[in-house]
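Take a look at the structure set out below.
Computed from heavy atoms alone, side chains included, the values below leave out hydrogens, waters and symmetry copies. Values in this document were obtained by computation on a predicted structure and should not be read as measured data. By convention here, the first residue in the shown sequence is residue 1. Both counts, for ligands and for their atoms, begin at 1 and track the order of listing.
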Amino acid sequence: MSVITDSIKIMGYLFGPFKKILAIYLVGVILLSFLEVFRISLVYPIINYGLSVENQPRLLDMFYDFILPPSVNPFIASAFLLLITTVIIAGLYGIVMYSGAYVFSEVRDSLDKRVFERIRTRPYSYFAGKKQGDLLYVGQGAVTESSLAINECVELVRYSFMAFFYLLLLFYLSLWLTIGVMILGVFYAFIIKKSLFSRIYRNSNVLNVSLMEKSVVYQEFVSGIKTIFITGSMDYWVRKYESAVKKLKKTYTNVYALVNVFLITNDFIMFSIIALGGIILYTFTGGDFLPYIGLFGTFMLGLYRLVPCLSYAQKNLSFLVQYLPALELVYNTLTEDYDDVNKLRNDSEKKEFNFNNKIELKNVSFVYKDGKKETLHNISLEINKNSKIAIVGSSGSGKTTTANLLALLYKPSSGGIFIDGVNLDEINPVDYLHHLGYIGQETFVYHDTIRENIRFGLDCTDDEIIEAAKLADAHDFIMASSDGYDTIIGDQGLKLSGGQRQRIAIARIILRKPDILLLDEATSSLDNISEQKIMESVEILSQNMTVIIIAHRLSTVQNADMIYVLKKGKLVENGSYDDLMRVKGEYWDLYMGQKN
Ligand SMILES: Nc1ncnc2c1ncn2[C@@H]1O[C@H](COP(=O)(O)OP(=O)(O)OP(=O)(O)O)[C@@H](O)[C@H]1O
């Protein structure tokens with residue numbers, strides 16, 4: 001599809017919900033364009049009546065015959081009309097500019113919201129499979145560039161209408177002269193389209209890829225800063241970043257140089273035409289050019305106004321082309337099909353979460369999208385209500401994957417998870433997730449107070465926050481911080497230790513009083529004493545809560561009601577600590593491995 005039809009299709013989609021305000025803008029633009037041309041045409045009678053030129057068609061004569069009493073001099077009437085039209089144009093300009101800005105900001109605003117909505121409703125696998133930099137670019141850079149494209153589009157419409165009306169005036173003044181100028185113009189536009197537009201589009205594509213690459217490198221640099229420092233690999237990252245920036249510089253130069261070529265050539269053509277027109281007029285009239293001065297002057301004035309309009313329209317078009325790859329990315333994000341988690345989640349047909357008896361995993365197998373073989377194979381296990389179970393196994397055995405399935409981040413490839421006999425697929429996920437407290441290995445804290453980081457949007461009292469913090473062994477260090485619960489955590493929680501962050505994450509979940517508490521290496525960053533304290537809290541909580549613990553440190557899970565042992569994605573053993581130690585199987589091996 002061509003660049004222009006592509007842009008029209010995308011713009012049609014983006015402007016779709018704003019037809020009314022767009023219509024008002026267009027009416028204003030048409031009226032304004034007409035008045036602009038009318039204003040220029042007033043110059044013609046002013047010159048001709050002023051110079052008392054006879055025997056020349058006088059533009060607007062019919063209009064004057066109709067509205068002017070014979071006693072009024074057409075010269076002074078034209079001057080007055082010029083003044084009145086100028087005042088109206090000034091007012092109308094304000095309206096058009098305002099409605100143009102309004103259309104732009106409405107579309108931009110909706111774009112921001114729509115893109116965010118489309119991204120946020122994606123399944124977790126979409127985020128897991130994307131580079132963070134790419135995700136950031138879609139929601140930020142690409143949206144900003146698309147907004148700029150929208151602005152260019154709004155402007156393009158304005159300048160195109162103006163150019164059209166000026167062209168009509170020129171046709172009226174001199175058919176042949178206009179045809180001559182148009183042939184030149186079409187020839188020129190053809191060269192421009194052939195030589196420049198495709199180049200701008202190509203370079204803009206490269207520009208977008210380079211922008212994305214730079215943003216990815218920067219993102220990776222910031223998130224990996226600690227590893228970069230301790231491995232002394234700063235030079236490598238500097239080279240990586242500089243190479244991304246260098247590529248960007250080259251494509252930026254190409255794109256902006258190409259866009260500016262228009263302006264220079266337009267200026268050149270405009271003044272060449274005026275000079276040539278003057279020479280032709282002088283030659284054809286044998287020096288007696290006075291009767292044609294009105295026509296020549298108005299024509300050139302019209303042309304003088306037309307060319308910048310065309311020039312701006314071209315500039316708008318070329319910027320539009322430049323931003324098109326970003327627009328396409330945003331358009332694809334907005335229109336592509338995907339499993340909307342909201343639609344899945346808000347399904348009113350789905351049952352409410354009801355848990356009185358047990359959770360069962362029945363023959364659950366799972367393959368990651370890009371995985372070659374099954375990560376989980378035919379797992380079947382049971383978790384009784386208010387029991388405390390543990391899932392253990394060596395690294396890579398599939399423990400976190402099992403937790404991911406329980407937390408609805410992925411769906412089993414076959415088999416199913418059942419709560420009191422009801423498949424998790426049939427239960428309202430929002431309801432289910434409200435009752436599930438999942439604490440993973442990665443802890444997310446954000447730039448706000450400790451209080452708000454624990455609250456995380458929940459409607460609760462300060463006392464409840466403190467109680468949860470105590471259970472998570474976080475209260476003491478919070479109280480020792482400069483402003484207690486009101487201490488601001490630095491960007492990404494850099495002012496906190498790993499263990500402190502983990503304790504805040506645990507408090508956040510405990511505060512939610514879930515029915516099922518899923519701890520995936522949730523105490524891995526903690527020292528033994530702190531871990532011990534949290535496990536004591538879990539012990540208390542487990543009287544009214546079903547607790548699923550995934551842990552490397554087997555000492556943490558010794559008193560679980562049931563321990564499931566995974567090996568290479570398969571369930572190889574289960575039983576209480578005593579049972580498993582007695583049979584001296586996989587658990588025994590793991591235990592002895594940790595002891596030595
Ligand atoms: N998003 C993913 N895409 C593809 N494969 C994955 C993904 N996440 C994990 N895996 C693979 O699945 C297997 C099980 O990983 P999982 O994280 O469940 O193991 P684990 O028992 O929790 O390991 P650890 O104790 O080291 O955290 C591993 O081989 C891992 O490489």
Side-chain angles (χ1 to χ4, degrees), residues 119 122-135 216 220 223 227 338-339 341 359 361 363-381 383 389-417 424 436-444 498-499 501-502 505-506 516-526 531 535 547-558 560 562-574 580 585-595:
I119 304 257
R122 304 268 170 163
Y124 176 75
S125 54
Y126 170 81
F127 294 92
K130 287 255 179 208
K131 280 194 252 165
Q132 221 176 6
D134 290 358
L135 281 171
V216 168
E220 288 167 346
S223 43
T227 317
Y338 63 95
D339 289 337
V341 282
I359 303 169
L361 270 72
N363 305 320
V364 169
S365 294
F366 180 75
V367 191
Y368 280 106
K369 208 171 159 200
D370 47 357
K372 290 191 179 58
K373 58 184 177 66
E374 279 183 349
T375 297
L376 293 181
H377 182 71
N378 218 20
I379 305 278
S380 293
L381 57 86
I383 305 159
I389 71 119
I391 300 175
V392 301
S394 55
S395 178
S397 56
K399 303 182 295 291
T400 294
T401 305
T402 311
N404 285 344
L405 296 183
L406 281 164
L408 300 190
L409 295 178
Y410 298 97
K411 279 176 151 202
S413 309
S414 65
I417 301 174
L424 207 48
L436 177 88
Y438 177 31
I439 308 168
Q441 297 168 30
E442 290 140 20
T443 47
F444 171 66
R501 289 214 316 239
Q502 214 161 26
I506 293 171
I516 307 162
L517 185 62
L518 177 55
L519 304 166
D520 179 6
E521 302 287 358
T523 51
S524 59
S525 305
L526 302 181
E531 182 177 45
M535 289 327 280
V547 181
I548 304 165
I549 306 172
I550 290 170
H552 262 300
R553 258 184 259 168
L554 297 182
S555 53
T556 334
V557 298
Q558 252 169 2
M562 176 67 81
I563 301 171
Y564 290 98
V565 186
L566 290 184
K567 186 177 182 184
K568 292 183 183 160
K570 290 184 185 154
L571 185 63
V572 289
E573 247 176 29
N574 65 288
L580 294 174
E586 282 300 327
Y587 185 83
W588 164 268
D589 288 347
L590 286 171
Y591 187 85
M592 292 317 278
Q594 283 189 6
K595 217 175 161 200

Report yes or no: does [X] contribute a side-chain atom to a donor-acceptor pair with the main-chain N or O of [Y] at less than 3.5 Å?
{"X": "S413", "Y": "V367", "answer": "yes"}
{"X": "K399", "Y": "S394", "answer": "yes"}
{"X": "S365", "Y": "S414", "answer": "no"}

Should the proximity of T400 to ligand 1, defined as any heavy atom under 4.0 Å, be assigned to the side chain, the backbone, both, or neither? both

What protein heavy atom sits nearest [atom], and how far off is it?
{"atom": "atom 27 (O) of ligand 1", "value": "Q441 NE2, 3.7 Å"}
{"atom": "atom 23 (O) of ligand 1", "value": "G396 N, 2.8 Å"}
{"atom": "atom 11 (C) of ligand 1", "value": "Y368 CE1, 4.0 Å"}

Examine ligand 1 and decide if any of its atoms is less than 4.0 Å from a heavy atom belonging to G393. no

Does some side-chain heavy atom of [Y] sit less than 4.5 Å from a side-chain heavy atom of [X]?
{"X": "L590", "Y": "L554", "value": "yes"}
{"X": "M562", "Y": "N574", "value": "yes"}
{"X": "I548", "Y": "I383", "value": "yes"}
{"X": "I549", "Y": "I391", "value": "no"}
{"X": "E573", "Y": "K567", "value": "no"}

Interfacing atoms of ligand 1 (cut-off 4.0 Å, heavy-atom, [X]):
{"X": "G398", "result": "14 (C), 18 (O), 19 (O), 20 (P), 21 (O)"}
{"X": "T375", "result": "12 (O), 13 (C), 14 (C)"}
{"X": "T401", "result": "14 (C), 15 (O), 16 (P), 18 (O)"}

With a 4.0 Å cut-off, strictly under, does atom 14 (C) of ligand 1 pick up any protein heavy atom? yes

Does the protein place a non-hydrogen atom closer than 4.0 angstrom to atom 31 (O) of ligand 1? no

Going by heavy-atom distance to atom 26 (O) of ligand 1, choose the closest among A403, S395, A551. S395

